[in-house]
Amino acid sequence: MKRVLISRILPDEVYAALSSFDVVRRDRTQPLAADEMRDALRDFDVVMPTLGDRFSADVFDDVPNPRCRLLANFGVGYNHIDVDAAKAAGITITNTPGAVTDATADIAMTLMLVSARRAGEGERLVRSGNWEGWHPTQMLGLHLSGKAVGIVGMGRIGEAIARRCHFGFGMSVAYHSRTRKELTFDARYHNDIVALAGEVDVLVVAVPGGPQTHHLINADVLAAMRQHARLINIARGDVVSQTALIDALKASSIGGAGLDVYEFEPEVPESLRALDNVVLLPHLGTATREVRVDMGLMVVRNIQAFLNDETPPNVV
Ligand code: NAP
């Protein structure tokens with residue numbers, strides 16, 4: 001019987017769907033340690049890794065002729081896996097695109113609204129017991145309806161965010177990707193992120209992580225943003241230079257930021273936590289029960305197809 005390692009606690013529906021395999025459930029919430037990753041490649045036919053499991057080239061180098069043939073990633077983002085090294089070791093990688101799209105777009109909207117309307121600050125004020133009551137100039141934020149959003153990475157999630165902004169909030173949409181997209185609503189393409197950053201009220205980051213997008217949002221991009229504009233990152237932490245962002249927030253050269261992900265996650269520096277003009281979420285993009293079940297069942301379909309000698313639906 002094929003051996004499958006499930007590296008995290010998952011909803012019960014997912015374990016039920018895996019019942020025809022010899023499954024080892026790792027009942028921990030922390031990422032796999034270096035030794036666990038090497039053992040996983042040696043001892044299992046299929047491994048389900050996820051965010052934080054750093055399958056870097058040296059892990060594959062240390063396990064020549066691995067038993068593992070499939071890394072069935074739980075999540076659409078797989079920048080924690082060295083894809084070239086995995087492929088060189090003869091290992092297929094799959095992910096879970098689509099299942100995550102709407103939930104992650106919703107978290108982007110949450111961050112946009114909480115940042116623009118200063119809802120985090122407001123909640124802290126009420127909880128502090130120091131609120132002195134409504135007045136016409138209390139905690140004035142940024143009106144989102146009718147404003148301009150800039151999407152960096154017009155893929156599945158970027159487009160879902162753009163649709164929400166355009167159809168829900170009457171916002172104009174501009175975007176940057178390496179290629180122009182065919183869209184069913186008006187959206188202006190920008191080849192240059194700095195130019196895009198300079199003309200929008202909210203800049204949303206929705207590109208994959210990895211070496212190609214590392215610090216795509218750097219000090220130059222932040223310097224181009226308008227003083228009231230918000231930066232929202234629901235992609236991966238290292239797409240944004242955290243140091244440059246903290247400098248911009250401290251100097252109030254941008255209006256604020258909303259972050260679901262962090263450069264050195266789960267570490268969030270005190271210098272960021274101390275700032276009132278940033279909204280900080282603990283990587284909640286896909287954190288709904290329905291979505292985590294859907295992601296898990298997508299992992300199961302990839303595993304089933306692979307072990308039946310079929311091409312899995314979501315090979316990367
Ligand atoms: P996707 O459909 O592949 O979209 C990514 C888009 O980014 C593509 O349209 C691509 O267009 C663009 N892109 C890629 N590299 C680029 C570069 N170097 N410069 C500019 N644009 C680039 O992926 P998705 O499903 O929307 O997911 C996007 C990412 O969101 C995932 O990879 C994941 O890291 C993150 N995510 C986060 C959460 C969370 O919990 N916060 C949840 C789900 C996903 P071009 O090829 O034309 O450039």
Please say which of Q242, R236, H215 ends up in a side chain to side chain donor-acceptor pair (under 3.5 Å) with E263.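 For E263, the side chain to side chain donor-acceptor pair (under 3.5 Å) test succeeds with only one of Q242, R236, H215, which is H215.
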
Note, [X] side chain near [Y] side chain (heavy atom, < 4.5 Å):
{"X": "D22", "Y": "D45", "result": "no"}
{"X": "T96", "Y": "N314", "result": "no"}
{"X": "V24", "Y": "R3", "result": "yes"}
{"X": "F185", "Y": "E159", "result": "yes"}
{"X": "N95", "Y": "I93", "result": "no"}

Between [X] and [Y], is there a donor-acceptor pair closer than 3.5 Å when you use the side chain of the first and the backbone of the second?
{"X": "T288", "Y": "V291", "answer": "yes"}
{"X": "N218", "Y": "D220", "answer": "yes"}
{"X": "R26", "Y": "S7", "answer": "yes"}

Assigning hydrophobic clusters by single linkage (Ile, Leu, Val, Met, Phe, Trp, Tyr; side-chain heavy-atom cutoff under 4.5 Å), is [X] placed with [Y]?
{"X": "L142", "Y": "V200", "answer": "no"}
{"X": "F167", "Y": "M154", "answer": "yes"}
{"X": "I157", "Y": "L183", "answer": "yes"}

Can you tell me if [X] and [Y] form a side-chain donor-acceptor pair at under 3.5 Å?
{"X": "S115", "Y": "R230", "answer": "yes"}
{"X": "D186", "Y": "H166", "answer": "no"}
{"X": "T286", "Y": "R292", "answer": "yes"}
{"X": "R163", "Y": "T184", "answer": "yes"}
{"X": "T179", "Y": "K181", "answer": "yes"}

When you measure from the centre of the six-membered ring of Y15, is the NZ or CZ of R25 closer than 6.0 Å and no more than 45° off the axis?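 Positive - R25 is close enough to the ring of Y15 and near enough to its axis.
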
With under 30° as parallel and over 60° as perpendicular, where do the rings of F60 and F55 fit, or are they tilted in between?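 Because their plane-to-plane angle lies in the 30° to 60° range, the rings of F60 and F55 count as tilted.
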
Carboxylate-amine/guanidinium contact R38 D35, below 4.0 Å: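 Looking at D35 together with R38, the answer is no, because their closest N to O distance does not fall below 4.0 Å.
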
As a quick check of understanding, evaluate salt bridge (Lys or Arg N to Asp or Glu O under 4.0 Å) for R164 and D102, giving each step before the final call. CA-CA 10 Å; R164 283 158 171 73; D102 284 330; 3.3 Å; yes

